[in-house]
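Keep in mind the model is a prediction, meaning the values are calculated, not measured.
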Amino acid sequence: MTSLIEIPGQTHAQRLLHLLKPLAMASRNARGPGLHSHASQLFSYCCVERERLTSVVSETSRIGIVLSGEKEFWLGDAGQRFVAGDVFVLPKGQAFDAVNIPSEANGLYESLLVDVTEVPRWVMEMRGARAPSGFDLRVPLGGELVDALGHAAISLSASDHADALAGHRLAEVLMLLRKVPAAACLFEQSLAERATWLVAAAPSKRWTAAGIGRELGLGASTLRRKLGEEGTSLRQVLAVARMRLAHDILVRGEGNISDAAGIAGYASRSHFARRFASVYGTTPAAVRLGERV
């Protein structure tokens with residue numbers, strides 16, 4: 001079994017790669033490029049040339065780890081890049097463009113992916129983090145999560161002989177991810193949340209029911225009906241997504257009030273300020289000056 005003893009001087013990413021090295025080597029030596037199954041919920045993907053994949057849709061929620069090379073995900077104009085040792089999540093049913101870039105050192109791109117097909121009830125009942133307001137698939141690493149991911153991958157690779165242990169190890173990972181905003185999609189993703197992701201990726205776009213429905217594979221009327229069944233509306237989805245982005249810009253100090261108002265879709269700063277105050281209970285200026293809400 002792979003040791004989980006920490007080596008002095010290793011970063012969390014380096015330690016995770018060390019723990020997963022046996023799985024990576026098995027995949028490369030036995031099968032080469034392509035999609036390879038290690039077990040029912042664990043597989044890897046390898047390529048030896050840079051490739052761009054359009055409208056990639058995951059049929060299940062997934063946890064991914066880049067083992068070699070780099071990976072980019074794009075949703076509209078928003079993108080994120082991941083390097084070896086980085087961990088990401090993929091929500092079920094959401095279409096992304098992806099770019100796989102082989103490492104200059106070994107000429108290989110490789111990632112390990114874990115299907116999350118079921119979440120234990122006790123994990124679901126834990127208080128979770130609010131989903132990110134913008135496009136964010138990155139999972140920050142800590143020592144506990146590195147250990148849990150290492151244990152889970154090793155157990156899942158032998159799940160034909162240790163199903164109960166594999167399930168327990170994966171539950172430990174999910175417990176730690178429950179409080180990670182980017183991982184919220186592993187536990188629940190309503191239609192409103194999926195629509196919010198689209199808006200957050202291109203907040204200045206003139207989104208319509210037809211446009212959002214087309215991206216999500218629904219007709220405009222069906223989109224409106226299903227959002228109504230979830231207790232919201234397209235107008236509320238647009239307003240919430242844009243206001244969250246504006247709030248985050250001000251909190252991080254990445255723009256002024258005019259920038260935030262523009263992101264939120266308001267031409268008038270005063271109109272934006274009134275709406276902002278009604279949502280967050282304080283003014284945009286106060287948040288920009290350091291008040292956290």
Side-chain angles (χ1 to χ4, degrees), residues 1-31 35-46 58 60-71 80-90 100 103 105-106 108-120 122-123 126 128-129 137-187:
M1 178 178 290
T2 303
S3 172
L4 296 180
I5 297 175
E6 188 169 355
I7 299 175
Q10 277 189 323
T11 66
H12 292 311
Q14 290 170 335
R15 184 164 171 240
L16 181 59
L17 291 173
H18 173 73
L19 297 175
L20 299 177
K21 187 175 181 180
L23 288 176
M25 295 302 298
S27 175
R28 297 170 197 174
N29 294 338
R31 300 157 180 166
L35 186 67
H36 311 302
S37 175
H38 296 277
S40 60
Q41 289 179 258
L42 183 71
F43 61 97
S44 60
Y45 180 80
C46 307
S58 177
T60 63
S61 298
R62 285 173 177 162
I63 303 167
I65 306 166
V66 178
L67 300 179
S68 180
E70 300 177 11
K71 189 176 193 76
Q80 280 192 307
R81 173 174 285 201
F82 301 87
V83 300
D86 283 345
V87 178
F88 58 87
V89 294
L90 286 176
N100 298 324
S103 165
N106 62 15
L108 180 71
Y109 165 78
E110 184 177 21
S111 59
L112 189 69
L113 298 128
V114 178
D115 282 345
V116 180
T117 56
E118 184 177 357
V119 179
W122 64 270
V123 176
M126 292 174 59
L137 304 176
R138 187 181 305 279
V139 173
L141 286 178
E144 283 187 299
L145 183 58
V146 167
D147 283 352
L149 284 168
H151 280 303
I154 294 166
S155 298
L156 285 168
S157 66
S159 61
D160 289 343
H161 308 289
D163 287 340
L165 177 60
H168 175 70
R169 296 303 193 193
L170 184 54
E172 290 178 342
V173 173
L174 295 173
M175 178 187 68
L176 294 172
L177 293 179
R178 194 71 174 97
K179 296 185 181 297
V180 176
C185 62
L186 297 176
F187 306 99

Here the pair of heavy atoms bringing His12 nearest to Val146 is O-CG2, 3.7 Å
Just verifying a value: how many Å separate Glu110 CD and Leu20 CG, rounded to the nearest 0.5 Å?
10.0 Å
Inter-residue atom distance Ile154.CD1 - Leu19.CG, 0.5 Å rounding
6.5 Å
Side-chain donor-acceptor pair under 3.5 Å between His168 and Glu172, yes or no?
yes
Would a distance-only check, ignoring hydrogens and angles, find a side-chain to backbone donor-acceptor pair under 3.5 Å from Ser68 to Leu108?
yes
Can you name the nearest heavy-atom pair linking Val89 to Cys185, along with the distance?
CG2-SG, 3.9 Å
Enter the distance from Leu170:CG to Ser155:OG here, rounded to the nearest 0.5 Å.
10.0 Å
Quick check: closest heavy atoms across Ala129 and Pro181, and the distance to 0.1 Å?
CB-N, 3.6 Å
Mind checking side-chain contact (heavy atoms from CB on, under 4.5 Å) for Thr60 and listing every partner two or more places apart, or none if nothing turns up?
Ser58, Arg62, Asp115, Thr117
Is the shortest heavy-atom distance from the side chain of Phe88 to the side chain of Lys71 under 4.5 Å?
yes
Identify all side-chain donor-acceptor contacts of residues 137-144 below 3.5 Å with residues at least two apart in sequence or on another chain.
| from | atom 1 | to | atom 2 | distance (Å) |
| --- | --- | --- | --- | --- |
| Arg138 | NH1 | Asp86 | OD2 | 3.1 |
| Arg138 | NH2 | Arg81 | O | 2.7 |

Please give me the minimum heavy-atom distance between Leu112 and Ala153, naming the atom from each residue.
CD2-CB, 4.2 Å
Close side-chain approach of Phe43 and Val114, heavy atoms under 4.5 Å
no
Kindly indicate, with the supporting measurements, whether the criterion side chain to side chain contact (heavy atoms under 4.5 Å, CB included) is fulfilled by Val173 and Leu145.
CA-CA 7 Å; Val173 173; Leu145 183 58; 4.2 Å; yes
Between Leu186 and Ser61, the two heavy atoms sitting closest are CD2-CB, 3.7 Å
Between atom CG of Leu113 and atom NE2 of His36, what is the distance when rounded to the nearest 0.5 Å?
12.0 Å
At what distance, to the nearest 0.5 angstrom, does CG of Leu17 lie from CG of Leu67?
6.5 Å
Show your working on side chain to side chain contact (heavy atoms under 4.5 Å, CB included) between Ile63 and Leu177 and close with a plain yes or no.
CA-CA 10 Å; Ile63 303 167; Leu177 293 179; 3.7 Å; yes
Indicate the atoms forming the closest heavy-atom contact of Ala39 with Ser157, along with that distance.
CB-CA, 4.3 Å
Ser111 meets the side-chain hydrogen bond (donor to acceptor under 3.5 Å, both in side chains) criterion, sequence neighbours left out, with Tyr109
When rounded to the nearest 0.5 Å, the distance separating CG of Leu149 from CZ of Arg169 is 12.5 Å
